[in-house]
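Excluded from the calculations below are hydrogen atoms, water molecules and symmetry mates; all remaining heavy atoms, backbone and side chain alike, are included. A note on names: the letters A, B, ... follow the listed sequences, proteins ahead of strands, and every chain is numbered from 1.
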2 protein chains.
Amino acid sequence: MSIIFSRQCEYAIQAVLYLALKPDKNMISIRELTKQLDIPYHFVAKILQDLTRKGLLVSHKGPAGGFGLGMKAKDITLLQIVEAIDGVSFMNNCVFGFPNCTDEDHCAVHDQWGKIRTKIHEMLANKNILEMAAETKKVQYHSGKQ
Amino acid sequence: MSIIFSRQCEYAIQAVLYLALKPDKNMISIRELTKQLDIPYHFVAKILQDLTRKGLLVSHKGPAGGFGLGMKAKDITLLQIVEAIDGVSFMNNCVFGFPNCTDEDHCAVHDQWGKIRTKIHEMLANKNILEMAAETKKVQYHSGKQ
DNA sequence: TTTTTTTAAGACTAAATTATCCGATATAAA
DNA sequence: TTTATATCGGATAATTTAGTCTTAAAAAAA
């Protein structure tokens with residue numbers, strides 16, 4: 001089983017995107033968000049709290065409380081979310097875990113993987129949540145009932 | 001924490017490469033292999049047994065027994081090892097786990113990730129163990145004592 | 001034939017990740 | 001002021017992945 005990003009990271013991105021897709025200025029509760037996205041309430045609650053501590057989201061307690069974006073959607077990139085949750089150690093580590101794999105003295109796929117890795121980094125850094133939302137709006141939640 | 005391949009898969013590739021780098025026709029014991037590569041004996045034993053069942057390696061019990069390549073080094077690709085251990089589900093799944101992410105109706109990074117994923121697949125499919133060994137020989141085990 | 005060496009197989013343990021539960025705190029509204 | 005609704009924080013449980021241990025079986029050599 002190969003993965004790229006942790007499940008936490010997947011949920012984080014889905015959640016931030018969900019907040020960006022909500023047109024109104026009201027805060028969104030964990031309950032609504034996790035129900036609509038069909039992801040686990042308590043687990044995601046922790047992730048949202050984490051993103052709030054790191055400034056990507058804002059939160060408010062009490063009735064009519066919830067979460068919202070901590071900055072303009074166009075100022076939040078995928079990279080920022082990945083950095084906040086998973087970190088970007090994949091940018092430094094050998095893809096097959098070879099020891100002694102450095103830029104001078106390296107494994108046989110080092111350069112090839114280096115290029116791919118750079119592409120991934122660009123994808124994350126260049127895609128902001130506003131674009132994500134715009135491109136997702138039409139396709140994502142059309143089967144959602146109220 | 002982001003990863004691409006499981007630790008099992010990393011060890012598998014390192015082990016197969018070690019076998020390919022051994023010039024002689026003798027079989028290599030788990031003990032030697034794991035000691036030289038500094039990876040866990042029992043865990044790797046299981047992986048080698050798995051690769052043997054799948055035909056990538058051959059094994060022989062008893063004194064002077066051990067493991068060897070199950071086919072010519074040039075006929076073993078990285079992809080075959082990854083397929084045997086991790087599978088290639090990353091070729092099909094949405095990189096951020098979005099549900100409803102299909103070719104027709106997809107998330108905002110679907111196409112971009114699709115290209116990257118293809119590059120990864122090419123890297124794995126086009127690199128065989130003979131090449132790996134040739135490119136690794138000079139740089140990998142130069143600090144090995146015995 | 002006995003001993004030694006090695007893989008084979010399965011049970012077991014440890015650690016990391018994912019997920020849940022509960023009590024406290026803040027806050028808006030009744 | 002009381003009540004209901006949220007997040008916050010810490011403990012706990014479940015699952016998956018990583019790693020260990022022990023016994024059996026095969027095979028070569030003594």
Side-chain angles (χ1 to χ4, degrees), chain A residues 1-15 19 22 25-35 37-70 82 85-87 89-90 96-97, chain B residues 1-15 19 22 25-35 37-70 82 85-87 89-90 96-97:
Chain A
M1 177 256 18
S2 321
I3 63 163
I4 310 292
F5 302 111
S6 70
R7 190 150 323 170
Q8 280 195 53
C9 194
E10 291 184 6
Y11 292 161
I13 288 167
Q14 291 178 30
L19 295 178
K22 276 284 169 170
K25 281 282 139 200
N26 297 339
M27 301 222 125
I28 310 297
S29 72
I30 303 176
R31 189 152 307 281
E32 172 191 334
L33 185 148
T34 56
K35 181 172 278 183
L37 294 176
D38 192 30
I39 54 182
Y41 181 96
H42 294 283
F43 190 47
V44 173
K46 298 247 172 276
I47 298 168
L48 297 186
Q49 285 160 25
D50 201 11
L51 292 174
T52 302
R53 266 182 250 110
K54 286 166 178 161
L56 292 174
L57 300 182
V58 290
S59 69
H60 197 73
K61 290 182 181 176
F67 292 86
L69 297 184
V82 170
I85 303 296
D86 278 352
S89 56
F90 76 93
F96 291 125
Chain B
M1 177 262 10
S2 321
I3 62 162
I4 312 291
F5 303 111
S6 70
R7 189 142 334 163
Q8 278 194 54
C9 194
E10 291 184 5
Y11 292 161
I13 289 168
Q14 290 178 30
L19 296 177
K22 276 284 170 169
K25 281 281 139 201
N26 296 337
M27 300 223 126
I28 310 296
S29 72
I30 304 175
R31 189 152 308 281
E32 172 191 333
L33 186 148
T34 55
K35 182 172 280 184
L37 293 176
D38 192 31
I39 55 182
Y41 181 97
H42 293 283
F43 190 45
V44 172
K46 299 239 169 286
I47 299 168
L48 297 186
Q49 285 159 24
D50 200 11
L51 292 174
T52 302
R53 265 182 249 112
K54 285 165 179 162
L56 292 174
L57 300 183
V58 289
S59 69
H60 196 74
K61 290 181 181 176
F67 293 86
L69 298 183
V82 170
I85 303 294
D86 278 351
S89 56
F90 76 93
F96 291 125

Check: Rounded to whole angstrom units, what separation is found between the CG atom of B/Leu57 and the C1' atom of C/dT6?
Finding: 16 Å
Margin query: Any heavy-atom pair between the side chains of A/Val44 and A/Leu37 that's under 4.5 Å?
Written below: no
Notebook entry, point to check: Which of parallel (below 30°), tilted (30 to 60°) and perpendicular (above 60°) describes B/Phe96 and A/Phe5?
Noted result: parallel
Check: Tell me, do A/Leu69 and A/Val58 make a side-chain contact under 4.5 Å, heavy atoms counted?
Finding: no
Checklist line | Length of the CE-C1' vector between A/Met27 and C/dA28, whole Å | finding: 14 Å
Output a table of nitrogen or oxygen pairs between the protein and nucleotides 12-18 of chain C separated by less than 3.5 Å.
| unit_1 | atom_1 | unit_2 | atom_2 | d |
| --- | --- | --- | --- | --- |
| C/dT18 | OP1 | A/Arg7 | N | 3.1 |

Next item on the list: Heavy atoms under 4.0 Å is the rule here; annotate nucleotides 4-12 of chain D 5' to 3' with B where the base is hit, S where only the sugar-phosphate is, and - elsewhere.
Entry: BBBBBBBB-
Note to self: In the structure I gave you, are the side-chain heavy atoms of B/Ile28 and B/Phe67 within less than 4.5 Å of one another anywhere?
What the structure shows: no
Note to self: I'd like to know if A/Lys54 pairs up with A/Asp50 as an ion pair, taking the criterion as any Lys NZ or Arg NE/NH1/NH2 lying under 4.0 Å from an Asp or Glu carboxylate oxygen.
What the structure shows: yes
Item checked: Heavy-atom closest pair, residues B/Ser2 and A/Gly87 -> OG-O, 3.7 Å
Checklist line | Side chains of B/Phe43 and B/Gln8 in contact at under 4.5 Å (non-hydrogen atoms) | finding: yes
Item checked: From A/Ser59 atom OG to A/Ile30 atom CD1, the distance as rounded to the nearest 0.5 Å -> 9.0 Å
Next item on the list: Check the distance between D/dT17's C1' and B/Asp50's CG and give it to me in whole angstrom.
Entry: 14 Å
Item checked: Length of the line joining B/Glu10:CD and D/dT17:P, which is rounded to integer Å -> 15 Å
